[in-house]
Every structure is written in structure tokens, then in C-alpha cells.
Amino acid sequence: MKYFLIFLLIVTQLAGFLFIIQHQFAIAIICFSLNAASLILLLILLVKERLKEKKEEEENDYRDY
């Protein structure tokens, strides 16, 4: 899922710039909106993954020996 979102970020960013160059601003705005949504989803996914890792680290904490 992370790799798909990263790929989508790259594609929508490039497509947005191409549509701006071609003066098709409505499609460019849609591409940049998809880019922003993908970025937000990716950040949420990364934060959830990090919280899960942190919880696992706390469960396997053996520093108090």
C-alpha cells in the first residue's frame, strides 16, 4: 500500500505539471488534489505503522533486568 501511494504521488505530481504546461488547469487541479490526498493517506499510514512498532517495542522491553 505504501509503494502504491508513493507511485501515485509521483504520477499525479508529474501529470499535474504536464497539464499546467498544456494550459489545462482544471485537470491539473484534480491531479494536485489527488496528490494531496495521497500524501495525507501516506502520512497517516506511516504514523499508524510507527505507533504499531512502538507498541511492539514496549511489549518486548527487557531493560528492567
Side-chain angles (χ1 to χ4, degrees):
M1 182 72 175
K2 287 189 297 188
Y3 295 116
F4 173 72
L5 286 174
I6 292 171
F7 175 74
L8 191 63
L9 280 168
I10 294 169
V11 169
T12 54
Q13 188 78 32
L14 292 175
F17 285 127
L18 288 175
F19 286 123
I20 284 178
I21 291 170
Q22 295 176 355
H23 299 289
Q24 296 177 355
F25 298 113
I27 299 173
I29 290 172
I30 292 170
C31 287
F32 287 128
S33 299
L34 285 173
N35 189 9
S38 299
L39 181 62
I40 291 169
L41 287 173
L42 181 63
L43 289 175
I44 290 171
L45 187 67
L46 290 173
V47 167
K48 280 186 176 181
E49 185 176 300
R50 178 63 184 131
L51 290 174
K52 182 181 173 185
E53 288 176 4
K54 193 166 186 139
K55 184 177 179 183
E56 288 176 0
E57 287 176 5
E58 288 176 1
E59 290 175 359
N60 299 325
D61 187 14
Y62 301 113
R63 287 183 288 175
D64 53 341
Y65 275 121

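Computed from a prediction, not measured in an experiment: that's the story for all the values here.
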Got a list of side-chain donor-acceptor pairs under 3.5 Å for residues 4-26, not counting sequence neighbours?
| unit_1 | atom_1 | unit_2 | atom_2 | d |
| --- | --- | --- | --- | --- |
| T12 | OG1 | L8 | O | 2.7 |
| T12 | OG1 | L9 | O | 3.2 |
| Q13 | OE1 | N35 | ND2 | 2.2 |

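Cluster partners of V47 are L51, counting Ile, Leu, Val, Met, Phe, Trp and Tyr whose side-chain heavy atoms approach within less than 4.5 Å, directly or via other members.
With rounding to the nearest 0.5 Å, the separation of CD1 in I29 from CG in L34 is 12.5 Å. If you take CG on L45 and CD1 on I40, they are separated by 13.5 Å, rounding to the nearest 0.5 Å.
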### Task
Report the C-alpha separation of E53 and R50 in whole Å, then their side-chain angles, then the decisive distance to 0.1 Å, and conclude whether the salt bridge (charged side-chain N to carboxylate O under 4.0 Å, His left out) test is met.
CA-CA 5 Å; E53 288 176 4; R50 178 63 184 131; 3.8 Å; yes

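Looking at K52 and K48, their side chains never come closer than 4.5 Å, going by heavy atoms from C-beta outward.
Across every non-hydrogen atom of L42 and K2, the tightest pair is CD1-O, 4.0 Å.
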